Structures are given as C-alpha cells and as structure tokens.
Amino acid sequence: MTTTDKLPTRRENFSEWYNQIVQRAELADYAPVRGCMVVRPYGWALWENIQMALDRRFKATGHVNAAFPLLIPKSFLEKEKEHVEGFSPELAVVTIGGGETLEEPLIVRPTSETIIGYMYSKWIKSYRDLPLLINQWGNVVRWELRTRLFLRTLEFYWQEGHTAHATSEEAEEETLRMLNVYADFAVNEGALPVIAGLKSDKEKFAGAVRSYTIEAMMGDTRALQSGTSHFLGQNFARAFDIQFLDWNNEMQYAWTTSWGLSTRIIGAIIMTHGDDKGLILPPRLAPIQAVIIPIYKSDQEKKAVMESVERVRQELAGFRIKVDDRAEVTPGFKFNDWEMRGVPLRIEIGPKDVENNCVTLARRDLPGKAGKSLLSQQNLSQAVTQSLDEIHTALYDRALAFRQANTHDPVDYAALTEAVANGWAYSWWCENPECEARVKDDTKATTRCIPLDQPDGTGACIVCGKPARRKVIFARAY
RNA sequence: CGGGGUGUGGCGCAGUUCGGUAGCGCACCGCGUUUGGGACGCGGGGGUCGGCGGUUCGAGUCCGCCCGCCCCGACCA
C-alpha cells in the first residue's frame with residue numbers, strides 16, 4: 001500500500017489502525033489464499049532478529065535445533081484424546097498424493113507433539129538418554145475461521161521446543177525455565193511488559209497437564225497470549241510409548257514439555273508500542289536502528305552533506321543503519337515514511353549540521369521537537385548506544401504504566417463486568433470453571449492467567465463469593 | 001456455518017436510478033523546477049467493470065445462477 005493519507009488513530013478504529021500499519025510499514029501482505037500472509041522482507045528481518053534473540057537463549061539453556069516433517073499421519077493426532085479433540089476442527093488434511101488417494105490421510109502439522117513423540121519413543125531407551133532437549137523453527141497450519149495478519153493466520157511461523165525428562169519435577173522445572181526465557185526475551189528485547197502465569201483448565205493446551213503463558217496488554221487494553229510453555233506430564237509419553245529404563249532397572253514413561261512462540265509476537269510489538277504516526281520498533285529487534293536522511297539544495301551542498309553522511313555511516317558501522325538517499329522524495333516525506341515504519345532513531349544531516357560538524361538526532365518515541373537533539377559527530381556512536389537504550393526503557397516504562405493504569409481490582413461482580421469492558425480485572429477466583437464460564441458469557445472476557453506472583457492471603461471469589469486461594473486476570477483477548 | 005455488507009486500473013471511489021463507445025483522486029513512468037516535517041508543473045502508461053449465462057441493434061447499468069472478500073457471532077498461538 002502506498003499512500004500519503006493519514007492513518008486512522010488508535011482511538012478512532014484500533015483494528016483498522018493495526019491493519020494499515022502492517023501493510024504500510026511493509027511488514028506483511030495478504031496472500032491469494034484466504035487467511036494466509038506473505039511476510040515481507042522488512043517483517044521477516046524483524047522475525048530474524050526475534051529468532052536470533054530467542055535462539056541464543058535456547059542454546060544457553062542447553063537446547064539444540066532439529067527439523068521434523070510438515071506432514072503427519074492422521075492417526076498420530078488421534079492417539080492423545082484431548083489433543084485430537086482440541087485440534088480436529090482446525091486441521092488441514094492431505095488426501096491425495098501423486099494423483100492417488102492416500103491409504104492414510106496426512107495432516108499438515110498444527111503443532112508437532114505427536115510426530116516428535118513418535119520419534120522420541122525410538123530414541124529414548126534409558127535414563128541416560130534424558131533429558132532430551134530439542135527445538136525446531138518452522139511453520140504450522142491451523143484452519144482458523146477469523147484471521148488477522150500476524151495475530152491469527154492459517155499458516156504461521158514459530159518455534160516449538162519439545163523436551164523429555166526422567167522425572168516430573170525436572171519437566172515442570174523445564175516448563176517454568178522456558179516460560180522465564182520468554183518473559184526475559186519479551187522484556188529485554190521487545191520492551192514488552194508481560195505477566196507470567198498459569199492457564200486455567202479451560203484455556204490450557206489440548207493434551208497438557210498445565211499450561212503457562214506470558215500475557216501482554218495491547219494498546220486497546222485487550223490481552224494477547226504472547227508465548228506458552230506446557231507441562232505435558234506423561235500424556236504424550238503414554239500415547240507414543242516413550243519409555244525408558246530408570247536407575248532401578250524399571251521401565252517408566254518419560255515426562256515431556258513443549259513451548260512455543262510465534263510470529264504473533266510481531267502483532268504484540270505493533271499493538272503495544274505503535275502510536276498514531278505508525279509503528280515503533282523496540283531498538284534491540286528493529287531491522288533498522290537508525291536511518292540517516294541527507295538534506296541539501298544545491299549540488300555543492302549535496303557533495304558536502306554526502307561526505308558527512310558517509311563519515312557518520314562508518315562511525316556507526318556497529319549498528320543497523322540505513323541511508324535514505326532517494327532523490328525523488330523530500331526529506332519531509334522521508335521523516336513520515338520512517339516514522340510509519342517504526343525506526344527508533346533518525347539522523348538528519350543537512351548544510352547546517354555539516355557547518356557545525358553536528359547531526360540532528362530524533363527519537364521515534366518522542367514526537368516533534370521533544371525528541372530532537374543536536375549532537376556532535378564526535379563520539380556519535382556512544383550517543384546512539386545511549387539513545388537506543390533510553391528508547392528501550394522508555395517504551396517498556398510507557399507500556400507498563402499503561403497496563404497498570406488499565407488493570408482494575410473490582411470490588412464486586414458488577415464492577416468486574418465494567419472493568420473488563422475497558423481493561424483487565426485482577427480478581428480473586430475460586431478456580432471453578434462455572435464461574436469462569438459465567439464471566440465469559442456475560443462479558444466475553446476470559447481468564448488470561450493466574451499470575452505466578454500472588455499476593456499474600458486469600459479472598460472471596462469475585463463471581464460466587466466462595467473462598468479463593470489465588471487471583472486471576474480476566475480480560476477480553478485476541 | 002448463521003446474520004449483514006460489498007465487488008469498476010495497484011489503492012480509494014464516481015458512473016447503475018433512466019442501457020448508447022469507462023471517469024476522478026492517489027500511486028506508477030518521463031522531463032524540468034524543488035528538498036530542515038507528507039513539493040509542484042507539463043506530458044504519459046495502465047481497466048474484456050468478480051465469473052458464467054440470458055434479454056437487447058447495443059449491458060458496468062436489466063434478469064438468473066455461481067464465486068470472492070469484508071464486518072458481526074460460535075472456535076483459536
């Protein structure tokens with residue numbers, strides 16, 4: 001989409017604001033098949049930075065990468081009861097191959113627990129083979145009815161970690177370790193404040209014993225599940241016969257986990273940090289950390305400016321830098337263009353800067369004059385490092401303040417229904433599914449998670465008034 | 001799958017009431033002037049009007065069937 005029209009504001013029409021940013025910033029475009037997306041180079045560059053930041057953390061916690069097949073025998077899905085019930089409605093099934101009807105239909109993986117479970121049963125014989133810690137980067141297909149770019153598409157890209165352990169304790173520990181990896185990534189790379197917590201039975205992954213999640217609040221106050229980590233108990237081990245001989249020479253089923261984070265996180269970044277001028281990318285993930293815009297009138301000025309630009313570019317070689325030297329658009333157009341695309345820093349270099357051996361630095365998160373400063377070309381690299389760090393912190397602080405301002409602690413059920421109409425409710429809950437269902441029926445809000453951090457003491461369930469041990473977050477979600 | 005809407009150059013739309021040789025804005029291409037917050041002038045290219053069938057001398061426009069997409073609901077990383 002190429003247009004100079006203004007974006008709708010977030011207040012006017014949040015979902016249209018989101019759709020237009022995705023396309024105008026050239027992150028993604030609609031594919032010819034309904035519900036599928038093309039991730040464009042700028043969006044994929046962002047995903048690559050996400051992958052690198054996560055992969056580093058996976059390796060640091062002892063995991064290795066592998067690749068499992070896209071096609072899975074249909075019967076595999078059917079081996080775990082809850083799992084098949086959870087996924088059946090959204091499977092893409094291949095029934096013909098090479099012009100022949102297949103003896104057994106193949107499904108396009110909606111997730112890989114089953115085929116990885118099958119392989120693990122072949123590979124795991126002894127406690128000495130454990131833990132087995134494998135991750136894969138790939139794509140999966142889920143036949144969703146209502147789709148949005150990045151948030152919910154038929155096909156999406158993600159990583160899925162699958163681990164097997166000798167004891168329940170070890171597996172549970174792994175589940176929480178990876179949840180913390182996601183939280184650390186969200187906070188320190190994406191500047192996304194997230195709440196780590198436990199999913200209710202209703203909201204957990206089909207086939208899991210317990211699911212954990214990191215939940216983030218978007219700019220319209222709706223919640224987005226941004227990463228999940230599951231303790232699978234022995235469910236898949238029993239279904240796929242993953243058995244090992246333990247220290248006492250006895251056969252035992254392994255304990256498994258799985259954890260995933262998808263391109264949906266890009267939606268979280270857009271909807272958490274973006275403003276009415278467009279995208280704002282967190283500096284540590286941004287494909288372009290600073291864009292240099294040369295400004296000149298005459299050829300003579302151009303020569304001097306471009307020399308300066310080249311010097312600055314070399315000074316900043318350690319950053320992801322783009323020089324926008326397009327001749328066919330004005331600097332003013334470029335300012336707006338790169339703001340739309342969320343580049344954290346803009347460096348303007350014009351005749352006045354050349355004369356004073358300076359550059360003009362503008363922060364994306366602070367619009368207009370407030371974010372502009374005049375900097376010496378000496379030690380610019382240091383100033384850019386500092387500025388990017390400041391932007392990261394400012395984005396995180398702003399998002400956290402927004403979440404806090406929109407998280408309520410309702411006094412009664414009536415107040416709860418009001419709270420979830422424009423924010424989150426953080427309330428005592430007795431953990432009875434009927435209370436959860438009632439809130440959903442009345443308000444469309446679901447339980448997002450039972451935060452791991454809990455206040456002391458106990459309370460009364462916000463719905464039924466019975467004793468409650470823990471507080472939960474109710475919110476409308478994507 | 002239920003309810004509502006919509007389909008005309010890449011995008012946004014007008015034209016449909018009352019049938020008569022398809023138009024506007026933006027984008028795109030060329031030349032020139034511009035350039036510190038979305039430049040301007042002149043010239044140019046691009047559409048079998050969602051598809052199929054029918055009525056008619058003639059269909060974007062009338063009739064029938066089909067298809068796609070969007071919004072709202074049930075399901076979901």
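These values consider heavy atoms only, across backbone and side chains, with no hydrogens, waters or symmetry-generated copies. Worth saying up front: this structure is predicted, and the values here are computed from it rather than measured. Sequence lines set the chain letters: A, B, ... in the order given, protein chains first and strands last, and positions in each chain run from 1.
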For A77(B), does either OP1 or OP2 sit under 4.0 Å from a side-chain N or O belonging to Lys199(A)?
no
Paired with G43(B): which nucleotide, if any, by Watson-Crick or G-U wobble criteria at under 3.5 Å for both distances?
C29(B)
Could I get the full list of side chain to side chain contact (heavy atoms under 4.5 Å, CB included) partners for Lys302(A), not counting sequence neighbours?
Tyr296(A), Met306(A)
Sequence neighbours excluded, the answer for side-chain hydrogen bond (donor to acceptor under 3.5 Å, both in side chains) partners of Arg148(A) is Asn19(A)
Selection residues 256-286 of chain A - residue pairs positive for ring pair (Phe, Tyr, Trp, His ring centres under 6.0 Å), sequence neighbours left out:
Phe58(A)-Trp259(A), His63(A)-Trp259(A)
Are Arg142(A) and Phe156(A) in a cation-pi contact, defined as NZ or CZ under 6.0 Å from the six-membered ring centre and within 45° of the axis?
no
Listed partners of Arg264(A) passing salt bridge (charged side-chain N to carboxylate O under 4.0 Å, His left out), at least two apart:
none
Are Tyr120(A) and Phe236(A) close enough that their ring centers fall under 6.0 Å?
no
Asp441(A) has an atom CG; how far is it from atom P of G73(B), in whole Å?
14 Å
Please tabulate, one pair per line, each protein N/O and nucleotide N/O from nucleotides 66-72 of chain B that are separated by under 3.5 Å, including the distance.
{"from": "C72(B)", "atom 1": "OP2", "to": "Arg146(A)", "atom 2": "NH2", "distance (Å)": "2.2"}

What about Asp337(A): does its side chain form a donor-acceptor pair under 3.5 Å with the base of G38(B)?
no
Thr330(A) side chain N/O closer than 4.0 Å to the phosphate oxygens (OP1, OP2) of A39(B)?
yes
Residues pairing under salt bridge (Lys or Arg N to Asp or Glu O under 4.0 Å) where one sits in residues 181-192 of chain A, two or more places apart or in two chains, turn out to be Arg56(A)-Glu189(A), Arg57(A)-Asp184(A), Arg57(A)-Glu189(A)
Heavy atoms only, 4.0 Å cut-off, all strands: where does Ser262(A) land among base, sugar-phosphate and nothing?
base
Where at least one partner belongs to residues 190-229 of chain A, residue pairs that pass ring pair (Phe, Tyr, Trp, His ring centres under 6.0 Å), sequence neighbours excluded
His83(A)-Phe205(A), Phe87(A)-Phe205(A), Phe205(A)-His230(A)
Heavy atoms only, 4.0 Å cut-off, all strands: where does Gly350(A) land among base, sugar-phosphate and nothing?
base
Give me the residues of residues 269-308 of chain A where at least one heavy atom lies under 4.0 Å from an atom of RNA chain B, by number, or none.
Lys277(A), Ile295(A), Tyr296(A), Lys297(A)
Any residue in residues 207-225 of chain A with a heavy atom nearer than 4.0 angstrom to RNA chain B? Just list them by number, or reply none.
Gln225(A)
Apply side chain to side chain contact (heavy atoms under 4.5 Å, CB included) to Ala186(A) and list each qualifying residue two or more places apart in sequence or on a separate chain.
Leu192(A), Val194(A), Ile214(A)
If you take atom types as modelled and just measure distance, does the side chain of Thr360(A) reach the base of G36(B) with a donor-acceptor pair under 3.5 Å?
yes
Could you work out, with side-chain hydrogen bond (donor to acceptor under 3.5 Å, both in side chains) as the rule, every residue matching Asn336(A), not counting sequence neighbours?
none
Apply side-chain hydrogen bond (donor to acceptor under 3.5 Å, both in side chains) to Asn139(A) and list each qualifying residue two or more places apart in sequence or on a separate chain.
Arg109(A), Glu155(A)
